[in-house]
Amino acid sequence: MWYLQHKRDLPWRNTKDPYRIWLSEIMLQQTRVAQGLPYYERFLKAFPTIKELATTSEDKILKLWQGLGYYSRARNLYATANYIWNERNGKFPSNYKELLTLKGVGDYTASAIASICYDEKQAVVDGNVYRVLSRVFGISTPINSTAGIKEFKSLAQLLIDGRQPGTYNQAIMEFGARHCTPQNPDCGSCIFSDRCIALKKDMVGQLPVKIKKLKIKKRYFNYIVILSEEGKTVLKQRTKKGIWQQLYEFPLVETEAEVDEIELKEIQTFNEVSEGYNIESLVLYNEASVVHKLSHQHLYTRFWIATLSEENQKNGNRIENEIPIARVRDYAVPVLIENFISDFSVFKI
DNA sequence: AAGCCGGGGTT
DNA sequence: AACCCAGGCTT
């Protein structure tokens, strides 16, 4: 069998422990194995069982998750760990239907856990499976349409081997990831070359079909990096809807376009941010905006260094979010902020 | 049904 | 610059 010869030796392949499988599957949602692997190792070391994960803090989980993206996964991970530990005596649901009720667990993840841990015949349909099935069977139904989602799940369910559903699921995903790749698949040495409809019809490059997607928004961020003479700065936690929920960042002034110092000081948000501080100097750190690219928006970002005067300390003006600069690294921050801190630290701090 | 949610690798 | 990754939730 192809899988047994070509499979990668990955840590979650040596266990049927639902905790480990669940953790790996959540981490690998929309994430490459190579990117998720080091996070998986660190999480397992920090939280060997669901008990440790459930009894830590959300901040600690987010800090360990930092850089992996899609942070709602980390928040749902924590919520689910607490639910299982406190409401279910630490015992995972043991079938597909109950697994589906867990936060952050959809059809794919429930199928993966049920098939791998409990030998339940539930076919996974991830990006790899969509690609392999659409090509081999020559299916042009858009994979991200309601009809496509149903059609591919049904087909996958027909094909799955009921004797080793977990192995079957991992095999077809591995095949998609390693052989039937998005670009330049090696059709010449493919085990399905005798029956692949896409190959026969020369449609490999056009399958799978995906419905067109979103346009990218531009946003303009101005971060106010407050530096007191005591070596403190200010971080705020993002609590609203949108990107980076629950992560920390410097006080943010978002504008409609790039602004200079004069314009920045006229923005109401800036005045709210700086209220209570005696800012001695405001210096633009990066003349050229840092362009941080997310999948759906580009963030044109400038950092402004706001140095506080000595008078500021004497007045005892204080805010609850003041943090020694050395402690900034304890907080979960977006990669955009982390990159700035690394760059800034080279000659400062 | 459509939009939103990250960061990084590949081409 | 476009595409995609062991998807799921919200509107």
Side-chain angles (χ1 to χ4, degrees), chain A residues 3 7-8 10-13 21-40 62 65-77 79-80 99-113 115-116 123-132 142-150 152-153 156 166 168-178 180-185 205-217 219 238 240-247 291-299 332-339:
Chain A
Y3 178 58
K7 76 173 184 177
R8 293 166 285 184
L10 301 170
W12 47 85
R13 284 190 170 149
I21 299 299
W22 166 69
L23 179 62
S24 71
E25 295 299 346
I26 299 296
M27 281 189 166
L28 293 175
Q29 289 170 2
Q30 291 291 287
T31 304
R32 290 172 195 280
V33 168
Q35 186 185 3
L37 185 53
Y39 284 85
Y40 177 80
L62 283 169
W65 197 274
Q66 180 181 309
L68 196 55
Y70 285 144
Y71 297 94
S72 66
R73 292 183 294 170
R75 301 194 302 271
N76 286 333
L77 191 78
T80 294
L99 285 163
L100 263 183
T101 67
L102 301 177
K103 280 187 182 177
V105 175
D107 186 273
Y108 164 78
T109 305
S111 300
I113 299 172
S115 64
I116 295 170
V124 297
V125 186
D126 74 332
N128 294 305
V129 177
Y130 279 123
R131 189 167 55 252
V132 172
I143 60 173
N144 54 346
S145 66
T146 303
I149 292 168
K150 284 179 60 180
F152 283 98
K153 173 75 180 185
Y168 170 87
N169 278 334
Q170 296 186 76
I172 188 170
M173 289 191 286
E174 188 80 341
F175 180 75
R178 308 260 290 177
C180 194
T181 51
Q183 286 100 15
N184 307 320
Q206 297 152 48
L207 292 175
V209 174
K210 213 168 184 175
I211 295 173
K212 291 300 179 187
K213 65 161 190 301
L214 53 295
K215 59 178 225 176
I216 293 171
K217 270 191 229 166
R219 300 175 72 181
R238 292 180 70 94
K240 298 175 186 170
K241 295 290 181 189
I243 59 173
W244 301 332
Q245 208 178 333
Q246 303 306 112
L247 270 65
V291 186
H292 188 70
K293 297 179 177 180
L294 307 181
S295 55
H296 51 296
Q297 44 188 301
H298 288 181
L299 310 177
V333 300
V335 165
L336 172 63
I337 301 293
E338 182 69 26
N339 288 345

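Labels below follow one simple rule: chain letters A, B, ... track the order of the sequence lines, proteins then strands, and each chain is numbered from 1. Since the model is a prediction, treat every value here as computed from it, not as a measurement.
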Exercise for the section: Might you point out which heavy atoms bring A:Tyr39 and A:Met27 nearest each other, and give the distance in Å? Expected result: O-CE, 3.6 Å
Fill in the blank from the handout: Taking B:dC4, C:dC4, C:dT11 as options, the one with an atom nearest any side-chain atom of A:Lys210 is C:dC4
Handout entry: Presence of A:Gln297 side-chain N/O under 4.0 Å of B:dC5 phosphate oxygens OP1/OP2
Key = yes
Completion exercise
Closest of C:dC5, C:dA6, B:dG7 to the A:Asp126 side chain is C:dA6
Practice task
Could you verify whether a donor N or O on one side chain and an acceptor N or O on the other, from A:Gln245 and A:Arg75, lie under 3.5 Å apart?
Solution key: yes
Exercise for the section: Using a cut-off of strictly less than 4.0 Å, decide whether A:Arg131 has a side-chain nitrogen or oxygen near OP1 or OP2 of C:dC4. Expected result: no
Practice task
Nearest 0.5 Å please: distance from the CD1 atom of A:Ile26 over to the OG1 atom of A:Thr80.
Solution key: 7.0 Å
Practice task
Choose from C:dT11, B:dT11, C:dG7 the nucleotide whose nearest atom is closest to any side-chain atom of A:Lys241.
Solution key: C:dT11
Practice task
Please confirm whether any donor atom in the side chain of A:Thr109 sits under 3.5 Å from an acceptor in the base of C:dG7, or the reverse.
Solution key: no
Fill in the blank from the handout: Against the side chain of A:Gln183, the closest entry in B:dG6, B:dT11, C:dA6 is B:dT11
Practice task
Answer yes or no: side-chain N or O of A:Gln35 and base N or O of B:dG7 forming a donor-acceptor pair under 3.5 Å.
Solution key: yes
Exercise for the section: Consider the side chain of A:Pro334, meaning its heavy atoms from C-beta on, and name the nucleotide among B:dG7, C:dG8, C:dA1 that approaches it most closely. Expected result: B:dG7
Practice task
Could you check A:Thr31 against A:Gly104 and say which one's nearest nucleotide on DNA chain C is further toward the 5' end?
Solution key: A:Thr31
Fill in the blank from the handout: Side-chain atoms of A:Ile243 come closest, of B:dG8, B:dG6, C:dG7, to B:dG6
Handout entry: Whole-angstrom distance between B:dC4 and C:dA6, as gauged at atom P
Key = 25 Å
Exercise for the section: For B:dG8 versus C:dG8, give the span between their P atoms, rounded off to a whole number of Å. Expected result: 22 Å
Exercise for the section: Fit a plane to each ring of A:His292 and A:Trp244, take the angle between them on a 0 to 90° scale, and name the class: parallel (under 30°), tilted (30 to 60°) or perpendicular (over 60°). Expected result: tilted
Problem - Pairwise 5' ranking along DNA chain C for A:Asn76 and A:Arg13, keeping only the more 5' one - result: A:Arg13
Practice task
Could you give the distance separating B:dG6 and C:dT10 at their P atoms, to the nearest angstrom?
Solution key: 14 Å
Practice task
For the residue pair A:Thr31 and A:Arg73, confirm or rule out a side-chain donor-acceptor distance under 3.5 Å.
Solution key: yes
Problem - Heavy-atom donor-acceptor pair, A:Arg32 side-chain to C:dC4 base, under 3.5 Å - result: yes
